[in-house]
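To start, the structure itself, in structure tokens.
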Amino acid sequence: MAGVKTTPEIKEITKIERIGAHSHIRGLGLDDTLEARAVSQGMVGQKDARRAAGVILKMIQAGQIAGRAILLAGQPGTGKTAIAMGMSKALGEETPFAMMAASEIFSLEMSKTEALSQAFRKAIGVRIKEETEIIEGEVVEIEIDRPAATGSAAKTGKVTLKTTEMETIYDLGQKMIESLQKEKVQAGDVIAIDKASGRISKLGRSFARSRDYDAMGPATKFVQCPEGELQKRKEVVHVVTLHEIDVINSRSQGFLALFAGDTGEIRSEVREQIDGKVAEWREEGKADIVPGVLFIDEVHMLDIECFSFLNRALENDLAPIVVVATNRGITKIRGTNYKSPHGIPIDLLDRLLIIQTKPYSEEELRLIIDIRCEEEDVEMSDDAKELLTKIGTETSLRYAMQLITASYLISKRRKVAEVDIEDVSKAYSLFCDVQRSSQFLKEYASDYMFNEIKATGDAQPMES
Ligand SMILES: Nc1ncnc2c1ncn2[C@@H]1O[C@H](COP(=O)(O)OP(=O)(O)OP(=O)(O)O)[C@@H](O)[C@H]1O
């Protein structure tokens, strides 16, 4: 756009955000009666599965379904992860949503069951209510005494605050002066000071000062001068996860470990103590539990020990809703020689509500490609989209989606504004899909090392 400048840093950030494969998904796209809209919130087709996920959401929101588990089962690229993302978006910020791939539990740093316990606790929120005292009023005047230029004495000062009914002068310490200056507070602002932490928040400018043009930016918000007493009690509510409480209490460095992600193993005594404390808070009405969702992708990668852990953990009072997904058919249960549907033991399978995802029609593929082009800011001609859809039906949705960026980059070299059919075919010839790649492997089988398929034979799945 002419006249608009974007700094390089800002451009970079938007690009990175949009690269995520599921960044176009903003919810499940359901109406009030839980019917799936054809195209909505970035979601296309897969109506039955979306509706089923919507029913589960309603049960979660009504707090009726803690400790249950749902299996999303379907072929690769049929939107299992997309539906889980849609659920997470629809649940809103307050409901914890933890996502992991089953293979993540095979880490050397902690045992498999510890990794699962942490994942479970990341998906359970505790809503804590706290009463804090605040001082809320309109600033009448701020007076800061500058110490003599040579002196090292700390600054002192006074702030006069008023409500519609009273006015009081407060002494200011060094820290308060710094926060007031940082927030650029001036006469006419309405502020709130948290008495415990000393934190100052600017609520807006008083309506009475709306004619003071000097002190206003374009985004100035006007508020009424507060009524009543200057000192008030306010209830604040935070939601933290049980995992966060565990980490903060388990190490001397406390919450810093949360940012580093290096939380290590947490002792079971710490967890027991925390569960006890949370139970006390619940009884006293200071806290409630917010059961969230734990999504485990590629669940067939878990082994028999993990499955038995899951079975037990789901019985716990403080269990989240567990949503697992797999694209496997009847296959070996990891860690055993037994086969089972989806590679999941029958006793666990029996507890799961199973939602199936089905392959997309050509029309649906086209719509998903449209959405992705828009998401990636790629202009593409109708012909090119048609070709891409055809490629998608013959290969896979994922492969077609990968070609969007590749053909865009190719079109840029031609210095044109729109990706055309020739860019898509160029990308198709440069990058192989799975079928062509395995065809090539079969033809040249004897030239590869450790080849297990006879040069003339058909490709066979390799069982571990
Ligand atoms: N119904 C849909 N609407 C919009 N986008 C979709 C839909 N289904 C899938 N997608 C998109 O297609 C891509 C592949 O889908 P996804 O990763 O959800 O498949 P999956 O079933 O989890 O596959 P796998 O079994 O290989 O893990 C993703 O980028 C996803 O966001």
Side-chain angles (χ1 to χ4, degrees), residues 16-31 34-54 56-57 70-90 97 99-104 293-302 322-331 341-344 354-378 385 388-389 391-406 408 433-435 461:
I16 291 168
E17 273 175 0
R18 288 186 156 201
I19 276 170
H22 307 287
S23 57
H24 58 288
I25 306 230
R26 293 182 305 280
L28 285 171
L30 305 174
D31 66 16
L34 295 186
E35 282 300 317
R37 297 196 179 99
V39 184
S40 173
Q41 297 188 313
M43 275 284 192
V44 174
Q46 214 60 264
K47 284 191 173 174
D48 288 343
R50 279 161 57 200
R51 195 180 312 145
I56 306 280
L57 272 192
I70 290 107
L71 167 66
L72 289 163
Q75 291 96 316
T78 48
K80 299 179 292 295
T81 319
I83 288 176
M85 285 297 290
M87 287 176 81
S88 124
K89 292 277 161 73
F97 189 93
M99 203 161 185
M100 67 185 289
S103 47
E104 282 171 38
V293 177
L294 168 62
F295 176 62
I296 309 179
D297 210 353
E298 304 169 359
V299 69
H300 52 266
M301 292 298 290
L302 293 182
V322 178
V323 179
V324 300
T326 177
N327 54 24
R328 298 298 158 102
I330 295 175
T331 185
H342 314 292
I344 301 175
I354 304 179
I355 302 179
Q356 270 188 330
T357 55
K358 304 192 183 95
Y360 292 111
S361 68
E362 200 169 320
E363 211 178 306
E364 288 165 341
L365 281 184
R366 166 67 194 250
L367 287 168
I368 297 177
I369 287 170
D370 275 342
I371 292 177
R372 277 311 293 185
C373 284
E374 201 170 302
E375 182 68 17
E376 294 182 30
D377 266 344
V378 173
K385 281 184 185 161
L388 210 50
T389 311
I391 294 175
T393 42
E394 277 165 26
T395 59
S396 71
L397 169 61
R398 282 252 173 77
Y399 176 69
M401 279 169 71
Q402 305 268 37
L403 290 194
I404 297 177
T405 327
Y408 171 66
D433 58 283
V434 180
Q435 277 164 22

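Atoms within a ligand are numbered from 1 in the order they appear, just like the ligands themselves.
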K358 backbone acceptor or donor facing Q46 side chain under 3.5 Å: yes
message: Determine whether a donor-acceptor pair (N or O, by modelled atom type, separation under 3.5 Å) exists between the side chain of R372 and the backbone of A21.
response: yes
field: Qualifying side-chain hydrogen bond (donor to acceptor under 3.5 Å, both in side chains) pairs with a residue from residues 76-86, counting only residues at least two apart or across chains
entry: T78-T357, T81-D297
message: For E362, give me all partners under salt bridge (Lys or Arg N to Asp or Glu O under 4.0 Å), at least two apart in sequence or on another chain.
response: none
query: Any sub-3.5 Å donor-acceptor pair from R50's side-chain atoms to I83's backbone N or O?
result: no
- prompt: Of all residues at least two apart in sequence or in a different chain, which pass the salt bridge (Lys or Arg N to Asp or Glu O under 4.0 Å) check with E104?
  reply: none
Could you give the N/O to N/O pairs under 3.5 Å linking ligand 1 and the protein, each with its distance?
| from | atom 1 | to | atom 2 | distance (Å) |
| --- | --- | --- | --- | --- |
| ligand 1 | 1 (N) | V44 | O | 2.6 |
| ligand 1 | 1 (N) | Y360 | OH | 2.9 |
| ligand 1 | 3 (N) | V44 | N | 3.0 |
| ligand 1 | 5 (N) | H24 | NE2 | 3.0 |
| ligand 1 | 8 (N) | Y360 | OH | 2.5 |
| ligand 1 | 17 (O) | R398 | NH2 | 2.6 |
| ligand 1 | 18 (O) | T81 | N | 3.3 |
| ligand 1 | 18 (O) | A82 | N | 2.9 |
| ligand 1 | 19 (O) | G79 | N | 3.3 |
| ligand 1 | 21 (O) | T78 | N | 3.2 |
| ligand 1 | 21 (O) | G79 | N | 3.1 |
| ligand 1 | 21 (O) | K80 | N | 2.9 |
| ligand 1 | 21 (O) | K80 | NZ | 2.7 |
| ligand 1 | 22 (O) | T81 | N | 3.0 |
| ligand 1 | 22 (O) | T81 | OG1 | 2.5 |
| ligand 1 | 23 (O) | G77 | N | 2.9 |
| ligand 1 | 23 (O) | R398 | NH2 | 3.2 |
| ligand 1 | 25 (O) | K80 | NZ | 2.7 |
| ligand 1 | 25 (O) | N327 | ND2 | 3.0 |
| ligand 1 | 26 (O) | R398 | NH1 | 3.2 |
| ligand 1 | 29 (O) | A21 | O | 2.8 |
| ligand 1 | 31 (O) | A21 | O | 3.4 |
| ligand 1 | 31 (O) | H22 | ND1 | 2.8 |

